[in-house]
Engineer: 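Can you keep this structure in mind? I'll have questions shortly.
For ligands, and for the atoms within them, numbers begin at 1 and follow the listed sequence. In this text, all values refer to a predicted model and were calculated from it rather than measured experimentally.
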Amino acid sequence: MLEALKEEVCAGNLELPRHGLVIWTGGNLSAIDPQTGLVVIKPSGMPYEDMTPDDMVVVDLDGNVVEGARGPSTDTASHLYVYANMPHVRSVIHTHSTFATAWAATGRPIPCCLTAVADEFGGPIPCGGYATIGTEEIGAQIVEHIGDSPAILLKQHGVFTIGESIDAALKSAVMVEDVARTITFAMIVGPIEELPQEDIDINHDRYVNRYATAAASRGVHA
Ligand SMILES: [Zn+2]
């Protein structure tokens, strides 16, 4: 069942190590099928290099395995909570990517001190509170604190991103790590300064309403 979505979810998961966002078996990506309400997610504890579409696990929104020989990711309950409470979300990603997770370790949001942060995230990248892995608590932190950002840090844990497509969630996972790395180095160079709200809004509007639209119409990922 859901063979096409299983292929997309497997391919999406393989993008995580390709972009250096995960090591070993860490991290996970899922996507929901809006017709059936079923979710396809990475299996638990499986090396990326061995992963095929057939290894993906299909679960319902209650967490019951509908199809799959392997157990679903340990973060499944978090993903399902997001889908159940944020109906526009089609894909959820979790990583411990190094620089973003360094910020998560401190419990501090990533400040909006670059146009790239304003563009992609529309403001500071929020940090939710600490929550127990394997429960809905993480999902509840995401839903409560993510706001309009496509990415959120979880205190002393890592990163979650959401998107209306797998590509959108992947892009945010790549971008949050990229800006976290740049800002971490910037703080070695000298003090950082947050952009005024007016400039955040101008950049975000240009990016979302003009740049992204133009890029999409050319068939490229903005
Ligand atoms: Zn984690």
Engineer: Tell me, please, which residues at least two apart from K6 pass side-chain hydrogen bond (donor to acceptor under 3.5 Å, both in side chains).
Structural biologist: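 Only E3, E67 meet the side-chain hydrogen bond (donor to acceptor under 3.5 Å, both in side chains) criterion with K6.
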Engineer: Identify every side-chain donor-acceptor pair in residues 183-199 under 3.5 Å, counting partners at least two apart or on other chains, and give the distances.
Structural biologist:
{"residue": "T184", "atom": "OG1", "partner": "W103", "partner atom": "NE1", "Å": "3.0"}
{"residue": "T184", "atom": "OG1", "partner": "A180", "partner atom": "O", "Å": "2.6"}
{"residue": "Q197", "atom": "NE2", "partner": "D201", "partner atom": "OD1", "Å": "2.9"}

Engineer: Only protein N/O/S atoms count here: give how many lie under 2.8 Å from the Zn ion (ligand 1).
Structural biologist: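 There are 3 of them.
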Engineer: Checking Y207 against T115: is there a side-chain donor and acceptor pair closer than 3.5 Å?
Structural biologist: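 Side-chain D/A pair, T115 to Y207: absent.
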Engineer: Decide, yes or no, whether a salt bridge links D119 with R206 under the criterion of side-chain N to carboxylate O below 4.0 Å.
Structural biologist: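 Salt bridge flag = yes for R206 with D119.
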Engineer: Give me each pair satisfying side-chain hydrogen bond (donor to acceptor under 3.5 Å, both in side chains) with a member in residues 121-136, each pair once, sequence neighbours excluded.
Structural biologist: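 Residue pairs passing side-chain hydrogen bond (donor to acceptor under 3.5 Å, both in side chains), neighbours aside: T132-E137.
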Engineer: Answer whether the closest heavy-atom distance between the side chains of I166 and L29 falls below 4.5 Å.
Structural biologist: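 In short, these two side chains touch, coming nearer than 4.5 Å.
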